[in-house]
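Beneath this line is the structure, given in structure tokens, with notes to follow.
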Amino acid sequence: MKIVSTIARYLLGLTFLTFGLNGFLNFIPMPPPTGTTAQFFGAIFVSHLYVVLFVLQIAPALLLLVNRYVPLALTILAPIIFNILCIHIFMAPAGLPLALVVTVLWFLTTWRVRSALSGILQR
């Protein structure tokens with residue numbers, strides 16, 4: 001399980017580093033969103049909230065890749081992954097498979113450091 005968790009950590013880190021940097025550098029061209037998704041992303045870009053979102057993807061990705069503060073990185077990524085899942089479930093189902101893969105990678109990585117995160121779940 002240790003090897004699986006390590007591979008999942010690297011894949012999760014690379015995924016978020018790639019897509020976080022793509023938010024600033026746009027090296028992976030994507031088709032423009034339509035409908036409700038376009039309105040949602042339009043509001044994010046007009047308000048410049050995208051800067052915060054992409055920085056909050058890049059920073060934990062780097063922490064995962066250098067294997068430092070992994071529980072902190074996973075804690076930062078959890079709400080981002082939840083939002084990605086919700087966007088793909090409710091507005092853009094075409095991206096749902098990648099969102100599910102990222103979720104599984106997060107759980108595999110979290111399983112190894114679950115003792116460090118146990119305090120979060122206490123009353």
Can you sort out the partners of [X] under side chain to side chain contact (heavy atoms under 4.5 Å, CB included), two or more places apart, ordered by chain and number?
X     : result
Phe41 : Pro33, Thr37, Ile44, Phe45, Ile87
Thr36 : Met91
Asn22 : Asn26, Phe27, Ile28, Met30
Leu11 : Ile7, Leu105

Nearest non-hydrogen partners of Pro60 and Leu77, listed with the distance: CB-CG, 3.8 Å

Nearest heavy-atom neighbours spanning Ser118 and Ser115: OG-O, 2.9 Å

Pair listing, ring-ring contact (aromatic ring centres under 6.0 Å, His included) test, anchored in residues 2-25, at least two apart: Phe24-Phe54

Pairs involving residues 76-121, ordered by first then second residue, that meet ring-ring contact (aromatic ring centres under 6.0 Å, His included) (sequence neighbours left out): none

For the residue pair [X] and [Y], establish whether any side-chain heavy-atom pair is separated by less than 4.5 Å.
X      : Y      : result
Gln57  : Leu21  : no
Arg112 : Thr6   : yes
Thr110 : Leu117 : yes

Joint hydrophobic cluster, Leu108 plus Leu98, side-chain heavy atoms closer than 4.5 Å: no

same_hphob_cluster(Val104, Val113) at 4.5 Å side-chain heavy-atom cutoff: no

Other cluster members, Val46 - Ile/Leu/Val/Met/Phe/Trp/Tyr, side-chain contacts below 4.5 Å: none

Nearest 0.5 Å, please: how far is [atom2] in [Y] from [atom1] in [X]?
X     : Y     : atom1 : atom2 : value
Ile80 : Leu53 : CD1   : CG    : 7.0 Å
Leu96 : Leu85 : CG    : CG    : 7.0 Å
Arg9  : Leu14 : CZ    : CG    : 10.5 Å

Distance-only donor-acceptor pairs under 3.5 Å for side chains of residues 61-76, two or more places apart:
unit_1 : atom_1 : unit_2 : atom_2 : d
Thr75  : OG1    : Pro71  : O      : 2.7

Other residues, nucleotides, ligands: >12 heavy atoms within 6.0 Å of Ile3 CD1: no

